[in-house]
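I have placed the structure first, in the form of structure tokens, so that the comments after it can refer back to it.
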Amino acid sequence: MVNPQMVMYEEEFNQIQAVVDRLVRDANAKVVFIVDKNGQLISASGDIDNVDTTSLASLTAGNIAATGGMAKLLKENEFATQFHEGEKQNIHIQLVGNRVILVVIFDTRSSLGLVRLRVKKANEELNHIFEQLLKKVQEPGADSPFAEITDEDIDNLFND
Amino acid sequence: MSFINYMAREINCKLVYYGPGLCGKTTNLQYIYERTNPEAKGKMISLATETERTLFFDFLPLSLGEIRGFKTRFHLYTVPGQVFYDASRKLILKGVDGVIFVADSQIERTEANLESVENLRTNLAEQGYSLDKLPYVVQYNKRDLPNVAGLEELREMINTTKVPDFEAVARTGVGVFDTLKAVAKLVLTELRKGG
Ligand SMILES: Nc1nc2c(ncn2[C@@H]2O[C@H](COP(=O)(O)OP(=O)(O)OP(=O)(O)O)[C@@H](O)[C@H]2O)c(=O)[nH]1
Ligand SMILES: [Mg+2]
């Protein structure tokens, strides 16, 4: 396998969630979420009942993949930051350690300056957490919960 | 690359529908979307041109149920089949856990099918994957049309590694879920090996 398996444990999840929760408050944001580069949602906070975070996660990853492709053609490193300005809402996208994507959605209650400032701090913290997580995943003996599943388990999934 | 979330007790896998332009990849996803219970699916997203050709990707999140207390979630993507969208196809293959090759059974699409399989191999190899090691199934679509190649002929041309394969009419749904189930099974079996 080229990519190490992405795994999330309770300990790191709680650390990440704490960073994301705090960022919502400190940046006066509407929604903050973290997505891996394949579009899978890792954590979200804020007014998440009113947004489709699954769809947003996939589109964010597509967006980062596309700009990453553009960067490659220009022999640039990744474009680590993106900002999209709407009439009422804005989106700030930050690549964290080239592994995951931090997205902040905010409106007029906040400002780009404030969001940038708070994202910078969160970025450092998240980078650290994800580095730890990656180490943990690569440790031997981190067994997959699926090691024991049977053909029957898999078949049952499709029988309803 | 699947994503195991111990906190949410979820496993997420990425499946990609690949194949030449107009072979019916988007139609597969549309049928799955229509026939899935609301609680088991999210919104389907299609980034398409005005003529409904896929421009970047289609996306459909599905839940298939639980295994040993873990929710299994599959993210279904299609690539744009048109030849000149190759850069986008490469991006969508990133992190893939399973591939469905949708072939267009019409005789005049023979060349397009072969080019597309070859393109799939090349694009996977560029990212360090091998099609032979990945959960992979083949679907022969548009079996309802009059000008189609014979099944054995298609098999010989496209499915050289003899992976599970299915005849389909995606427009009416024939073979669509069989194809999906087959690749999902292979992906879960791969996880058991600790992939
Ligand atoms: N007769 C017939 N037509 C089909 C079948 N499956 C798809 N089509 C039609 O073929 C056309 C193209 O289908 P799409 O699903 O958009 O093809 P695609 O592979 O997504 O094409 P790109 O997005 O360009 O890569 C549509 O008009 C479909 O209705 C089938 O099984 N039989
Ligand atoms: Mg399409």
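Residue numbering restarts at 1 for every chain, and letters A, B, ... go by the order of the sequence lines. Reckoned from all heavy atoms, side chains included, excluding hydrogens, waters and symmetry mates.
Around the CD atom of B:Glu108, the shell of radius 6.0 Å holds more than 12 heavy atoms that belong to other residues, nucleotides or ligands. Heavy-atom contacts from other residues, nucleotides or ligands closer than 6.0 Å to NE2 of A:His84 number more than 12. Within 6.0 Å of CD on B:Glu52 lie no more than 12 heavy atoms contributed by other residues, nucleotides or ligands. At most 12 non-hydrogen atoms from other residues, nucleotides or ligands lie less than 6.0 angstrom from CD of B:Glu156. Within 6.0 Å of CZ in A:Arg116 there are 12 or fewer heavy atoms belonging to other residues, nucleotides or ligands.
A single hydrophobic cluster is not seen to contain both A:Leu112 and A:Ile93; linkage of ILVMFWY side chains at heavy-atom distances under 4.5 Å, directly or through other members, places them apart. Using a 4.5 Å cut-off between side-chain heavy atoms of Ile, Leu, Val, Met, Phe, Trp and Tyr, with links allowed through other members, A:Val119 and A:Val20 fall into the same hydrophobic cluster. Cluster annotation: B:Leu64 is connected to B:Leu186 through the hydrophobic network of ILVMFWY side chains, with a link wherever side-chain heavy atoms come within less than 4.5 Å. Note: the hydrophobic cluster containing B:Leu62 also contains B:Ile4 (ILVMFWY, side chain heavy atoms under 4.5 Å, direct or indirect links). Follow the hydrophobic side-chain contacts under 4.5 Å out from A:Val24 and you never reach A:Val31; the two are in separate clusters.
Neither the backbone nor the side chain of B:Glu10 comes within less than 4.5 Å of any heavy atom in chain A. At a 4.5 Å heavy-atom cutoff, the contact between B:Thr72 and chain A is made by side-chain atoms alone. Both the backbone and the side chain of A:Asp151 come within less than 4.5 Å of a heavy atom of chain B. Heavy-atom distances place no part of B:Ile92 under 4.5 Å from chain A, backbone and side chain included.
B:Asn5 has its side chain out of reach of A:Met6: every pair of non-hydrogen atoms, C-beta onward, lies at least 4.5 Å apart. Counting only heavy atoms from C-beta outward, the side chains of A:Leu157 and B:Lys185 never approach each other to under 4.5 Å.
Between A:Ile154 and B:Thr189, the closest heavy-atom pair is CD1-OG1, 3.6 Å. Across every non-hydrogen atom of A:Gln40 and B:Asn12, the tightest pair is NE2-CB, 3.3 Å. Between B:Phe3 and A:Leu41 the shortest heavy-atom distance is CE2-O, 3.8 Å. The shortest non-hydrogen separation linking A:Ile149 to B:Leu188 is CD1-O, 3.9 Å.
Note that CG of A:Asn38 is 11.0 Å distant from SG of B:Cys13, once rounded to the nearest 0.5 Å. Between atom CG of residue A:Asp155 and atom NZ of residue B:Lys181 there is a gap of 10.0 Å, rounded to the nearest 0.5 Å. With values rounded to the nearest 0.5 angstrom, A:Glu10 atom CD is found 10.0 Å from B:Arg9 atom CZ.
In terms of non-hydrogen atom pairs under 4.5 Å with chain A, the most contact-rich of B:His75, B:Lys14, B:Lys133 is B:His75. Options B:Tyr77, B:Phe59, B:Phe56 differ in how many heavy-atom pairs under 4.5 Å they form with chain A, and the most are formed by B:Phe59.
Scanning residues 28-43 of chain B against chain A with a 4.5 Å non-hydrogen threshold yields B:Lys43, sorted by number. Within residues 44-81 of chain A, the residues having any heavy atom less than 4.5 Å from a heavy atom of chain B are, in residue-number order, A:Asp52, A:Thr54, A:Ser55, A:Ser58, A:Leu59, A:Gly62, A:Ala65, A:Ala66.
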Going by atom type alone, with no hydrogens or angles, which donor-acceptor pairs under 3.5 Å involve a side-chain atom of residues 102-109 of chain A and a protein atom two or more places apart or on another chain?
{"residue": "A:Asp107", "atom": "OD1", "partner": "A:Arg109", "partner atom": "N", "Å": "3.0"}
{"residue": "A:Asp107", "atom": "OD1", "partner": "A:Arg109", "partner atom": "NE", "Å": "3.2"}

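Looking at residues two or more places apart in sequence or on another chain, you find no side chain to side chain donor-acceptor pair (under 3.5 Å) involving B:Asn113.
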